[in-house]
Amino acid sequence: MLSSVFPPAGDHIPSGTVFGTAFDPWDTHIHQNPFVYPTDQQLLFSGSDEGTPAVVNPIDDRKQRRMISNRESARRSRMRKQKHLENLRNLVNRHKIGNRELMNRLRFVSRQEQTLRQENERLRSELGMLRQKLWDLHQVTLVWQLPNQLLSSSWPCNNNVTSFSEQNPPSLIT
């Protein structure tokens with residue numbers, strides 16, 4: 001099967017018969033390396049051995065200038081892109097620092113808020129206890145005033161009897 005695709009090793013293929021062209025891939029003396037670009041000096045002096053400039057085709061010259069211009073344009077574009085990318089990286093770093101500072105401030109404010117909530121809860125509890133004490137004291141004063149009101153209003157004829165309120169009430173604090 002391989003013999004139908006590849007000729008035997010001893011057979012030589014004439015140089016003009018590969019794909020019906022005059023191209024001979026094994027002849028390295030005629031062809032230049034397609035990956036090496038000639039310099040401007042090689043283009044100018046390639047036609048003569050004495051170092052005098054060769055006649056350059058104006059179309060080739062325009063192509064050459066356009067190619068150089070395109071390379072410069074591409075280089076400038078890459079530089080702009082690189083500068084833009086660097087600016088974006090700097091912006092990202094600044095935003096990361098700003099976010100970190102904002103998160104620290106948020107944590108600080110959250111701690112303060114929690115502390116103030118606890119203090120507020122403590123004060124509300126204390127307010128409730130103080131209100132209860134005030135209510136209790138008010139009730140006690142009403143109880144102390146009750147005998148005076150009863151004696152003076154129910155027995156108007158007993159004016160010379162000493163009232164209960166004139167006597168020293170017992171102390172609640174012992």
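Index from 1, following the sequence. Quick caveat: nothing in here was measured; it's all calculated off a predicted structure.
- Rounded to the nearest 0.5 Å, atoms CG (Asn70) and CZ (Arg75) are 13.5 Å apart.
- Arg80 CZ to Arg78 CZ: the interatomic distance, rounded to the nearest 0.5 Å, is 11.0 Å.
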Pairs of donor and acceptor atoms involving the side chains of residues 104-116, under 3.5 Å and at least two apart or interchain, shall be tabulated with distances.
{"from": "Asn104", "atom 1": "OD1", "to": "Arg107", "atom 2": "NH1", "distance (Å)": "2.8"}
{"from": "Asn104", "atom 1": "ND2", "to": "Arg100", "atom 2": "O", "distance (Å)": "3.4"}
{"from": "Ser110", "atom 1": "OG", "to": "Leu106", "atom 2": "O", "distance (Å)": "2.9"}
{"from": "Glu113", "atom 1": "OE2", "to": "Arg117", "atom 2": "NE", "distance (Å)": "2.3"}
{"from": "Glu113", "atom 1": "OE2", "to": "Arg117", "atom 2": "NH2", "distance (Å)": "2.9"}
{"from": "Thr115", "atom 1": "OG1", "to": "Arg111", "atom 2": "O", "distance (Å)": "2.9"}

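- His95 NE2 to Ile97 CD1: the interatomic distance, rounded to the nearest 0.5 Å, is 11.0 Å.
- Using a 4.5 Å heavy-atom threshold, the side chains of His84 and Lys81 count as separate.
- Classification of Glu121 and Arg124 as a salt-bridged pair fails, no side-chain N sitting under 4.0 Å from a carboxylate O.
- For the atom pair NZ of Lys83 and CZ of Arg76, the computed distance is 14.0 Å after rounding to the nearest 0.5 Å.
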Compile the donor-acceptor pairs under 3.5 Å between side chains in residues 129-138 and protein atoms, sequence neighbours left out, one pair per line.
{"from": "Gln132", "atom 1": "NE2", "to": "Asp136", "atom 2": "OD1", "distance (Å)": "3.1"}

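- Atom CD of Gln82 has 12 or fewer neighbouring heavy atoms from other residues, nucleotides or ligands inside a 6.0 Å radius.
- Here Glu119 pairs with Arg122 in a salt bridge; the nearest charged N to carboxylate O distance falls below 4.0 Å.
- Counting heavy-atom neighbours within 6.0 Å of Leu127 CG, excluding the residue itself, gives a total above 12.
- By the 4.5 Å heavy-atom criterion applied to side chains, Arg62 and Ile59 are counted as neighbours.
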